[in-house]
Amino acid sequence: MTLLERIPTLSDDEVVNLLANARRLSDQGDEKQQAAAAELLPKLEEEAEQRRQARLDRAKAKRAASRKPRKVAAAA
């Protein structure tokens, strides 16, 4: 199984760590490391963004579920 294939199975922390390392190697690595980072970066960025959005959606749903319903004023 290649690293690209393993990305969906990694934890959120592992994805963020691998993304940070790939970004660093794309700037500071040798040619081989830069090539590997260039291959991984698009998939890692996409995966990290999807997971970030999922966390935001879960937090939004949790806040909405814990809100008390508004009281409607009686018509005069």
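Keep in mind that what you see is a predicted model, and the values were worked out from it rather than measured. What's counted below: heavy atoms across the whole structure, side chains too, no hydrogens, waters or symmetry copies.
- Proximity of Glu45 to Arg23: side-chain heavy atoms (C-beta onward) are separated by under 4.5 Å at one or more points.
- For Arg6, the CZ atom is loosely surrounded, since the number of other residues' heavy atoms within 6.0 Å does not exceed 12.
- Note that the CD atom of Glu39 and the OG atom of Ser26 stand 13.5 Å from one another [nearest 0.5 Å].
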Apply the test side-chain contact (heavy atoms from CB on, under 4.5 Å) to residues Asp13 and Asn17: give CA-CA distance (whole Å), side-chain angles for both, the deciding distance (0.1 Å), then the verdict. CA-CA 6 Å; Asp13 288 339; Asn17 188 33; over 6 Å; no
Going through the distances and angles, do Arg52 and Leu56 end up as a side-chain contact (heavy atoms from CB on, under 4.5 Å)? CA-CA 6 Å; Arg52 185 187 73 80; Leu56 291 174; 3.0 Å; yes
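- For the pair Arg58 and Arg55, the tightest heavy-atom approach, listed with the atom from each and the gap, is NH2-CG, 3.1 Å.
- Residues Asp27 and Gln34 come closest through the heavy atom pair O-NE2, 3.8 Å.
- In this view, Glu46 and Gln50 satisfy the side chain to side chain donor-acceptor pair (under 3.5 Å) rule, not counting sequence neighbours.
- Heavy atoms from other residues, nucleotides or ligands lying under 6.0 Å from CD of Glu49 number more than 12.
- Think of Leu10 as one node in a network of Ile, Leu, Val, Met, Phe, Trp and Tyr side chains linked at under 4.5 Å; its network also takes in Leu3, Leu4, Ile7, Val15, Leu18, Leu19, Leu40, Leu41, Leu44.
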